[in-house]
Amino acid sequence: MDKTKIAVLVSGGGTNLQALIDAEAGGILKSGEIVLVIANKPGAYALTRAEKAGIPALTITKKACGGQEAFEDALIDAMASHGVELVVLAGFMSILSERFIRHYVNRILNVHPSLIPSFCGKGFYGLKVHEAALAYGVKVTGATVHFVNEIPDGGRILLQKAVSILPGDTPETLQRRVMEQAEWIILPEAAELVSSQIQMEKEQQQ
Ligand code: GAR
């Protein structure tokens, strides 16, 4: 049975992309294969990770495309040409329009570094999420993998994992712990879950 073809969209360091690559190599992600990595930031280290793993990688920026619509068209074209069936946003710092999302209903996953519905939505990304959690004084945070719909961080939740906040935490130490103890575990698990569902649906259609 053909594996579900996955595109991973990134903007930065790509540690979540690495977790997916490692999960594929280690057999945790067994129903899906990463066929394409797209960065919207030139020089993102995630591109190097893709290259090292032998995965085709592209840079597509809104600036070079001349606007959001053309940017999203370029993403859609690139993914279509690789037969992509599942899109994983792994630290992708750009909000996608309804029009884009309609192309991939229930086929886009995002990892967010908090327990949604806390510290999420517009303006909550990367370190800002951990700064907000520390400023509020919560004692538990974590990560969420959810389907992407038209509401930022508002789509159906697939997996969550809690992580303790420790005395003396800084946004950076907390970010690292949330990645290690939650994101890098639940993102590959969620990718496998949805990849196997897509595989099953394809089998039923045959
Ligand atoms: C991760 O913590 C991810 O959850 C977060 O950005 C980081 C990217 O790191 N994403 C968001 O905040 C999206 N709202 P990475 O490039 O090393 O995977």
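Order of listing sets the numbers, starting from 1, for every ligand and every atom in it.
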Quick one: sort the Tyr136 and Phe119 rings into parallel, tilted or perpendicular, breaks at 30° and 60°.
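It falls in the perpendicular class, over 60°.
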Does the N or O separation between Asn110 and ligand 1 drop below 3.5 Å for any pair?
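No, no N or O pair falls under 3.5 Å.
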Pairs of nitrogen or oxygen atoms closer than 3.5 Å, one from Asp153 and one from ligand 1: do any exist?
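By distance alone, the answer is no.
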Val111 near ligand 1, heavy-atom distance under 4.0 Å?
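Yes, that is the case, since the closest heavy atom of the residue is under 4.0 Å from the ligand.
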Is there a heavy atom of Met93 sitting under 4.0 angstrom from any atom of ligand 1?
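Judged by the 4.0 Å heavy-atom criterion, Met93 does count as contacting ligand 1.
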Distance check, rounded to the nearest 0.5 Å: Ser114 atom OG versus Leu174 atom CG?
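Between atom OG of Ser114 and atom CG of Leu174 there are 10.5 Å.
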Mark yes or no for whether Thr144, through its side chain, and Gln160, through its backbone, hold a donor-acceptor pair below 3.5 Å.
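Flag not set: sc Thr144 to bb Gln160 has no pair under 3.5 Å.
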Per-atom contacts, ligand 1 versus Phe124 - under 4.0 Å to a heavy atom:
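So the atoms of ligand 1 that pass are 14 (N).
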For ligand 1, indicate whether the residue Phe92 contacts it via side chain, backbone, both or neither (heavy-atom separation under 4.0 Å).
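Neither part.
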Name the closest protein heavy atom to [atom], giving the residue it belongs to and the distance to 0.1 Å.
atom	answer
atom 9 (O) of ligand 1	Met179 CE, 3.4 Å
atom 4 (O) of ligand 1	Glu183 OE1, 2.6 Å
atom 14 (N) of ligand 1	His112 ND1, 3.3 Å
atom 12 (O) of ligand 1	Gly126 N, 2.8 Å

Can you check which of Gly14, Ser11, Gly91 brings a heavy atom nearest to atom 16 (O) of ligand 1?
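It is Gly14 whose heavy atom sits nearest to atom 16 (O) of ligand 1.
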Just checking Lys62: does its NZ atom have more than 12 heavy atoms from other residues, nucleotides or ligands closer to it than 6.0 angstrom?
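No - once you tally the heavy atoms of other residues, nucleotides and ligands closer than 6.0 Å, there are 12 at most.
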Positive for salt bridge (charged side-chain N to carboxylate O under 4.0 Å, His left out) with Glu85, one of Lys202, Lys5, Arg107
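The option that passes is Lys202.
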Is there a donor in the side chain of Glu33 and an acceptor in the side chain of Thr4, or the other way round, less than 3.5 Å apart?
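No - no donor-acceptor pair under 3.5 Å links their side chains.
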Identify whether the distance between the nearest side-chain nitrogen and carboxylate oxygen of Arg177 and Asp169 falls below 4.0 Å.
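A salt bridge links Arg177 with Asp169.
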Step by step, work out the side chain to side chain contact (heavy atoms under 4.5 Å, CB included) result for Asn110 and Val145.
CA-CA 6 Å; Asn110 180 46; Val145 178; over 6 Å; no
